[in-house]
Amino acid sequence: MSMKYMTMMLGPVMTNCYIVYDSETKDAMVIDPAWDYDKINQALEDHQLHLKFIFQTHGHADHIGALQELRNRKNVPVYVGEGDKDLISNSRNNLSLFMGHPIECTSPDYIAHEGDTITLGNLSFTVIETPGHTPGGLCLYGEGVVFSGDTLFRYSVGRTDLYGGSSRTLISSINDKLMGLPDDTVVLPGHGPESTIGEERRGNPFLYGGW
């Protein structure tokens with residue numbers, strides 16, 4: 001399989017930023033540039049990767065800390081979900097104002113919708129809309145993995161008490177969309193360790209009323 005990825009835990013709450021690339025073409029995307037442009041850029045340069053675009057699973061502050069600098073310096077487009085297209089530019093709603101570091105990014109280049117196919121070199125991914133943590137939450141599925149953002153964690157789920165959150169919507173998103181993926185699909189979340197869909201189906205208490 002030509003897909004490779006690096007996980008970088010960045011920022012004050014150790015957000016998982018993923019650099020995903022095709023090992024044959026060296027084309028790369030960054031998923032959730034959480035913080036620290038210099039570290040992300042160094043990883044790209046160390047592996048001689050060609051950054052093609054940025055994909056945001058959602059627009060909260062801890063996932064967009066390096067977004068504006070990365071897109072400007074690398075001159076690459078940004079994909080965001082419909083419901084979060086304004087979140088990245090609103091420092092109050094994206095929570096950055098309350099973290100003491102207001103972040104207001106310019107509008108995304110592309111709005112990603114359910115079922116969209118995104119290609120990266122020889123790799124192919126499908127967009128899955130998973131609102132609940134935020135109105136425009138997205139997951140990206142392909143090549144045996146799903147990048148789940150703050151929708152699904154190992155034996156847990158994203159919080160829903162923030163702007164635009166809904167616990168009922170979140171659980172529906174997970175059950176209706178993610179639990180239909182193959183058991184061996186690797187779950188790469190926005191925080192914490194990886195899991196698999198099968199593990200979560202069998203052992204995640206939040207999917208069965210364990211709030």
Side-chain angles (χ1 to χ4, degrees), residues 7 13-18 20 29 31-32 34 54-64 67 78-90 92-96 108 110-118 124-211:
T7 306
V13 292
M14 301 298 283
T15 303
N16 290 334
C17 166
Y18 297 98
V20 184
M29 65 173 162
I31 298 178
D32 293 349
I54 301 165
F55 185 90
Q56 290 294 150
T57 63
H58 64 291
H60 278 158
D62 57 320
H63 289 252
I64 63 171
L67 171 59
V78 176
Y79 288 83
V80 176
E82 177 76 38
D84 281 16
K85 64 182 180 182
D86 297 322
L87 194 60
I88 63 173
S89 64
N90 189 315
R92 178 176 296 274
N93 291 343
N94 68 32
L95 309 176
S96 60
Y110 298 110
I111 302 299
H113 297 283
E114 177 76 20
D116 285 353
T117 297
I118 295 179
S124 181
F125 300 89
T126 301
V127 174
I128 304 174
E129 293 185 9
T130 52
H133 178 64
T134 63
L138 300 173
C139 294
L140 193 61
Y141 169 65
E143 308 297 328
V145 306
V146 60
F147 297 93
S148 62
D150 285 7
T151 295
L152 179 65
F153 302 126
R154 181 174 175 81
Y155 300 141
S156 189
V157 298
R159 61 188 295 180
T160 57
D161 58 334
L162 304 173
Y163 172 81
S166 166
S167 59
R168 177 173 294 183
T169 301
L170 180 71
I171 295 303
S172 293
S173 291
I174 296 171
N175 282 328
D176 296 345
K177 303 286 186 67
L178 300 187
M179 289 300 106
L181 300 177
D183 274 3
D184 61 354
T185 302
V186 176
V187 177
L188 298 172
H191 302 272
E194 68 182 50
S195 184
T196 67
I197 290 296
E199 286 184 77
E200 298 312 305
R201 183 182 292 111
R202 291 186 294 269
N204 192 320
F206 292 89
L207 305 186
Y208 307 101
W211 292 88

- Separation between OH (Tyr79) and CG (Leu140), nearest 0.5 Å, reads 10.0 Å
- Query: Going by heavy atoms in the side chains, are Gln56 and Ile64 under 4.5 Å from each other?
  - Reply: yes
- Message: Between the side chains of Glu129 and Lys177, is the shortest nitrogen-to-carboxylate-oxygen separation below 4.0 Å, so that they form an ion pair?
- Response: no
- Scanning both residues in full, the closest heavy-atom pair of Asp84 with Gly59 reads OD2-N, 3.0 Å
- Task: Enter the distance from Ile54:CD1 to Leu67:CG here, rounded to the nearest 0.5 Å.
- Result: 5.0 Å
- Note on the structure: The reported gap from CG in Leu181 to OG1 in Thr196 (rounded to nearest 0.5 angstrom) is 11.0 Å
- Message: Looking at every heavy atom in both Pro108 and Ile111, which two are closest together, and how far apart are they?
- Response: CG-CD1, 3.8 Å
- Residues Phe147, Val20; criterion side chain to side chain contact (heavy atoms under 4.5 Å, CB included); working and verdict: CA-CA 10 Å; Phe147 297 93; Val20 184; 3.4 Å; yes
- Message: Using side-chain heavy atoms (C-beta onward) and a distance below 4.5 Å, is Leu152 in contact with Asn204?
- Response: yes
- Task: Considering non-hydrogen atoms only, spot the tightest contact between Pro135 and Gly83 and give its length.
- Result: CB-O, 3.8 Å
- Task: First locate atom CG of Leu138, then atom CD1 of Ile31, and finally report the distance between them rounded to the nearest 0.5 Å.
- Result: 10.5 Å
- Heavy atoms, side chains only, cut-off 4.5 Å: are Ser166 and Thr160 in contact? no
- Query: Do the rings of His133 and His60 sit parallel, tilted or perpendicular, given the 30° and 60° boundaries?
  - Reply: perpendicular
- Any sub-3.5 Å donor-acceptor pair from Ser173's side-chain atoms to Gly132's backbone N or O? no
- Any side-chain heavy atom of Phe55 within less than 4.5 Å of one from Val127? yes
- Between Met14 and His191, which heavy-atom pair has the shortest distance, and what is it? O-ND1, 3.6 Å
- Message: I want to check something: taking the side chain as every heavy atom from C-beta on, are Leu188 and Asn16 in contact at a cut-off of under 4.5 Å?
- Response: no
- Task: Check whether any side-chain heavy atom of Leu87 lies under 4.5 Å from a side-chain heavy atom of Tyr163, and answer yes or no.
- Result: yes
- Note on the structure: Closest non-hydrogen atoms of Ser148 and Pro189, given as atom of the first, atom of the second and distance, are OG-CA, 3.3 Å
- Under the salt bridge (charged side-chain N to carboxylate O under 4.0 Å, His left out) rule, what pairs show up with a residue in residues 185-200, not counting sequence neighbours? Arg154-Glu199
- State, with a plain yes or no, whether a side-chain heavy atom of Tyr18 is found less than 4.5 Å away from one of Asp32. no
- Message: For the CG atom of Asp86 and the CD1 atom of Ile88, what is their distance to the nearest 0.5 Å?
- Response: 8.5 Å
- Task: Using the side chain to side chain contact (heavy atoms under 4.5 Å, CB included) rule, take Cys139 and Leu178 through it: C-alpha gap first, then chi angles, then the decisive distance, then the call.
- Result: CA-CA 9 Å; Cys139 294; Leu178 300 187; 4.1 Å; yes
- Message: Let me confirm one number: the CG-CG distance from Leu162 to Asp150, rounded to the nearest 0.5 Å.
- Response: 9.5 Å
- Answer yes or no: is there a donor N or O on one side and an acceptor on the other, between the side chain of Thr185 and the main chain of Pro182, under 3.5 Å? yes
- Query: So do the side chains of Thr151 and Thr57 get within less than 4.5 Å of each other, counting heavy atoms only?
  - Reply: no
- Message: Is the distance from the ring center of Phe125 to that of Tyr141 below 6.0 Å?
- Response: no
